[in-house]
Amino acid sequence: MQLADEFPLLSRIETPADLRALPRRDLPKVVEELRRYLIQTVSRKGGHFAAGLGTVELTVALHYVFQTPHDRLVWDVGHQAYPHKVLTGRRDHLATIKQADGLAPFPTRSESEFDTFGVGHSSTSISAALGMAIGAAARGDTRRAIAVIGDGAMTAGMAFEALNHAGSLNVPLLVVLNDNDMSISNNVGAMSNYLARMLSGKIYATVREGSKKVLRQMPKAWELARRSEAHFKGMILPGTVFEEMGMNYIGPIDGHDLDALVATLLNMRDLKGPQLLHVVTRKGKGFSPAEADPIKWHGPGAFDPASATIFKDKASGPTYSKIFGQWLCDMAARDPLIVGITPAMSEGSGLVEFEKQFPDRYFDVGIAEQHAVTLAAGLACEGVKPIVAIYSTFLQRAYDQLIHDVALQNLPVVFAIDRAGLVGSDGATHQGSYDLSFMRCIPGMVIMAPANEDECRQMLYTATTIKGPAAVRYPRGAGPGVAVQPEMHVLPVGRAVTVREGRNGLALLAFGTMVAVAQSIGERLDATVINMRFIKPIDADLINRIATRHPHIVTLEENVIAGGAGSAISEVLSAQGHSNAVLHIGIPDRPIAHGSRDSCLVDAGLDLASVRSRIDAWWQPKMPRAVDAGR
């Protein structure tokens, strides 16, 4: 069947200009086709799903009302931007999303002129759109800037910082708050939609602004009027806080009522100054299993739309996230001072069971990484033992708190750093490429990287015994298959382990996930293999012994080479006066794009075949070569 047969309107839309050329009466049909196309396409290979289904009407309305890409449309995070990609020339490539050489998982400036700002981390849209609005005004352009932000992303302080700034400026900024956490209840219906149209209409706006001019000449009357309006809106609308920040609040409005959306946006398009439109949507709209369980259907793999069966990959043992979650439950059962903290990553970090068993010791602070770290610091001040479960890529957002609030005070906070190294399909914005480099320079930090599942458990336990900040960084997915022992013991801090002794003068010093690669190569080349375990403190004594017996040293890590674990080894070698030939293997000095985790490892040159080839090309026992700084 041809695309035009199944999707007669959608097949004609190559750009939003084609959408705007349609009569308004055809828009409901476009919505129906677009939602059906998303379900059909995403089911083949998987991808972000429930959030996009909830924004179909909103996406159609925004592109219909505004002159994109002249008007700048900024999506927050981008989980909800699949409909946007379909309407902006990428319809036929949607099935490739998140795959190697396919569409990027989030809006990306290099992919389309309609992706006005690259996103991946949350809560950046208002700041970016405000910058665009200020920039356009400075250039004398008449374009508008529109930020679409979810209610979850509004939990981050950055979003409120941007709103506070925007409210003080007379710039053409529209913030669309996509509220998909509350249900579409009675207050978001005909009456609310009517009020939104009225409050966004020209008559109300004209009277409101005219009254302000008159009343400002009478201070007491102006203050009474201002308070009265705020009181009236506060009784029937939840927007008082936004009004106090200087935004003109409209809503809430049913985000699935296309006529109300278009009418309200048409009104708001011509209003002056910063505006906020509150729309209420339902995640998974149009696919009942996703409506019932949007968490399960947030980012499923391939699935059968008819039976709602998600096709699971063959199990390969427990993931590191699950191992962490079980460890935390075990620790909490034996120590009442253990608490768990997550910045809105309960499921991903393996904390679901902990929340069930220890709800009073579980703190999900929302998308507020900075607060999560300083909260942990405050808890540590009172003798509580905080465990911060956080992705490597999100810890970047709390770097100042890590230094200023935890490390400088030498507080015993444990950081369980998930998704360290290359994560795969979420791409460059989510690769955990930098944590060893940005943590290694912090005084007092103890940093560990497990080579297997049981070592992860023992490192986490060891971290709780350290009288200062400690981090255990582990990768996405399952490990090599080492059985986890229920008993726990403290590892000697700063001590590496010799995996095998070689006889040819080549030593492979590996960290974390790269130990398994080093073992395989070490067996073939009869090289010495060291599981370094600790990045900081580094085992300087062992490095010195290795250097005296091995003219050639290779360091292997799943972190950027610049400033990483290999750099720590070179610093020790230099300080001790050694002149060994050293090859550093790690993530190269460039972003690693999306794909499977395996394809990302190949791209970075960290798969077994690539590492073996590089070592073979560099290492010649009788002819030492210069250092290779990276691929």
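Nothing here was measured: the structure is a model prediction, and the numbers come from that model.
- Taking both residues in full, the closest heavy atoms of R549 and E501 are given as NH1-OE1, 3.8 Å, listed atom of the first, atom of the second, then distance.
- Aromatic rings of Y362 and F358 (six-membered ring for Trp) have centroids beyond the 6.0 Å cut-off, not under it.
- The two residues L375 and F363 make their nearest non-hydrogen contact at CD2-CB, 4.5 Å.
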- Would you please test F311 and F303 for ring pair (Phe, Tyr, Trp, His ring centres under 6.0 Å) and show each step? CA-CA 5 Å; F311 305 123; F303 63 93; 8.1 Å; no
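- In this structure, the side chain of N580 engages the main chain of A547 through a donor-acceptor pair within 3.5 Å.
- Residue I295 qualifies as open at atom CD1: its count of foreign heavy atoms under 6.0 Å is 12 or below.
- Considering only heavy atoms from C-beta on, L573 comes within 4.5 Å of I543 through its side chain.
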- Would H552 and N504 satisfy side-chain hydrogen bond (donor to acceptor under 3.5 Å, both in side chains), going step by step from the backbone distance to the final call? CA-CA 9 Å; H552 302 81; N504 63 8; over 6 Å; no
- Determine, stepwise, if the pair E353 / Q326 fulfils side chain to side chain contact (heavy atoms under 4.5 Å, CB included). CA-CA 8 Å; E353 190 60 32; Q326 184 59 59; 5.9 Å; no
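- A donor-acceptor pair under 3.5 Å links the side-chain atoms of E557 to the main chain of A565, judged by distance alone.
- In this structure, the side chains of V472 and I417 stay at 4.5 Å or more apart for every pair of heavy atoms.
- Taking every heavy atom of both residues into account, M154 and F160 meet most closely at O-CE1, 2.7 Å.
- For the atom pair CD1 (I530) and OG1 (T498), the distance works out to 3.5 Å, reported to the nearest 0.5 Å.
- Taking 4.0 Å as the cut-off between side-chain N and carboxylate O, R500 and D526 count as a salt-bridged pair.
- In terms of modelled atom types and a separation under 3.5 Å, the side chain of K536 and the main chain of I442 share a donor-acceptor contact.
- Proximity of a side-chain donor or acceptor of H550 to a complementary backbone N or O of L508 within less than 3.5 Å is not detected.
- In this view, T462 satisfies the side-chain hydrogen bond (donor to acceptor under 3.5 Å, both in side chains) rule with no residue, not counting sequence neighbours.
- Nearest heavy atom pair, residue V388 against residue A372, reads CG2-O, 4.4 Å.
- Between S599 and S596, the side chains place a donor N or O and an acceptor N or O closer than 3.5 Å (distance only, hydrogens not considered).
- The side-chain hydrogen bond (donor to acceptor under 3.5 Å, both in side chains) with N559 is formed by just one residue from the set S437, S567, S392, S433; it is S437.
- The backbone N or O of A377 sits nowhere less than 3.5 Å from a side-chain atom of D405 that would complete a donor-acceptor pair.
- Heavy atoms only, all atoms of each residue included: C600 and L422 are closest at O-CD1, 3.5 Å.
- The existence of a salt bridge linking E453 and K322 is excluded, since no basic side-chain nitrogen approaches an acidic carboxylate oxygen closer than 4.0 Å.
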What pairs of donor and acceptor atoms, side-chain ones from residues 475-492 against any protein atom, are under 3.5 angstrom apart with sequence neighbours left out?
{"from": "R476", "atom 1": "NH1", "to": "V423", "atom 2": "O", "distance (Å)": "3.1"}
{"from": "H489", "atom 1": "ND1", "to": "Q458", "atom 2": "OE1", "distance (Å)": "3.4"}

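- To the nearest 0.5 Å, the span separating CG on L509 from OG1 on T555 amounts to 7.5 Å.
- For the pair Y82 (side chain) and F49 (backbone), a donor-acceptor distance under 3.5 Å is absent.
- For the atom pair Q431 CD and D603 CG, the distance stands at 9.0 Å (nearest 0.5 Å).
- Under the 4.5 Å side-chain criterion, counting only non-hydrogen atoms from C-beta, L608 is not in contact with L601.
- Judged by distance alone, with hydrogens and angles left aside, the side-chain atoms of D435 form no donor-acceptor pair with the main-chain N or O of A420 at under 3.5 Å.
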- Task: I would like to know whether F534 and V446 meet side chain to side chain contact (heavy atoms under 4.5 Å, CB included); could you show each step before the answer?
- Result: CA-CA 8 Å; F534 288 82; V446 174; 4.0 Å; yes
- Item | Intermediate values then yes/no, side-chain hydrogen bond (donor to acceptor under 3.5 Å, both in side chains), D607 and S610 | CA-CA 5 Å; D607 61 300; S610 298; 2.5 Å; yes
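- Comment: R545 does not engage D539 in a salt bridge, judged by the lack of any side-chain N to carboxylate O separation of less than 4.0 angstrom.
- Comment: E558 engages R597 in a salt bridge, judged by a side-chain N to carboxylate O separation of less than 4.0 angstrom.
- Using a cut-off of 4.0 Å between Lys/Arg side-chain N and Asp/Glu carboxylate O, R361 and D335 are scored as not salt-bridged.
- The backbone N or O of Q370 sits nowhere less than 3.5 Å from a side-chain atom of Q401 that would complete a donor-acceptor pair.
- T374 OG1 to L402 CG: the interatomic distance, rounded to the nearest 0.5 Å, is 10.0 Å.
- Atom CG in L395 sits 4.0 Å away from atom CZ in F438 (nearest 0.5 Å).
- When all heavy atoms are compared, the tightest approach of P105 to K98 is CB-CG, 3.6 Å.
- Using modelled atom types and a 3.5 Å distance limit, the side chains of D115 and T108 yield no donor-acceptor pair.
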- E523/Q519 under side-chain hydrogen bond (donor to acceptor under 3.5 Å, both in side chains): CA gap, chis, key distance, verdict: CA-CA 6 Å; E523 292 291 336; Q519 284 182 270; over 6 Å; no
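- The closest side-chain heavy-atom distance from S346 to E355 is below 4.5 Å.
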- Please assess H79 against H298 for the test side chain to side chain contact (heavy atoms under 4.5 Å, CB included), listing each intermediate value before the final yes or no. CA-CA 9 Å; H79 294 140; H298 169 71; 3.5 Å; yes
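- Within the 3.5 Å criterion, the main-chain N or O of A368 finds no donor-acceptor partner in the side chain of R397.
- At most 12 heavy atoms of other shown residues, nucleotides or ligands fall within 6.0 angstrom of atom CZ in R109.
- Between H121 and T393, the side chains place a donor N or O and an acceptor N or O closer than 3.5 Å (distance only, hydrogens not considered).
- Within the 4.5 Å cutoff, side-chain heavy atoms of L556 are placed close to those of V611.
- Relative ring orientation between Y474 and Y320 is described as parallel, the plane-to-plane angle staying below 30° on a 0-90° scale split at 30° and 60°.
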- Task: Show your working on ring pair (Phe, Tyr, Trp, His ring centres under 6.0 Å) between F106 and W75 and close with a plain yes or no.
- Result: CA-CA 9 Å; F106 307 110; W75 296 92; over 10 Å; no
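- Under the 3.5 Å distance criterion, the side-chain polar atoms of R440 are matched with a main-chain donor or acceptor of G563.
- Using a 4.0 Å cut-off between charged side-chain N and carboxylate O, D330 and R457 make a salt bridge.
- H594 and S425 form no side-chain donor-acceptor contact under 3.5 Å, judged by distance and modelled atom types alone.
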- Task: Could you check S321 against D418 for side-chain hydrogen bond (donor to acceptor under 3.5 Å, both in side chains), going step by step and ending with a plain yes or no?
- Result: CA-CA 7 Å; S321 301; D418 203 336; 2.5 Å; yes
- Where do F415 and I387 land on the side chain to side chain contact (heavy atoms under 4.5 Å, CB included) test, with the steps shown first? CA-CA 6 Å; F415 294 90; I387 315 296; over 6 Å; no
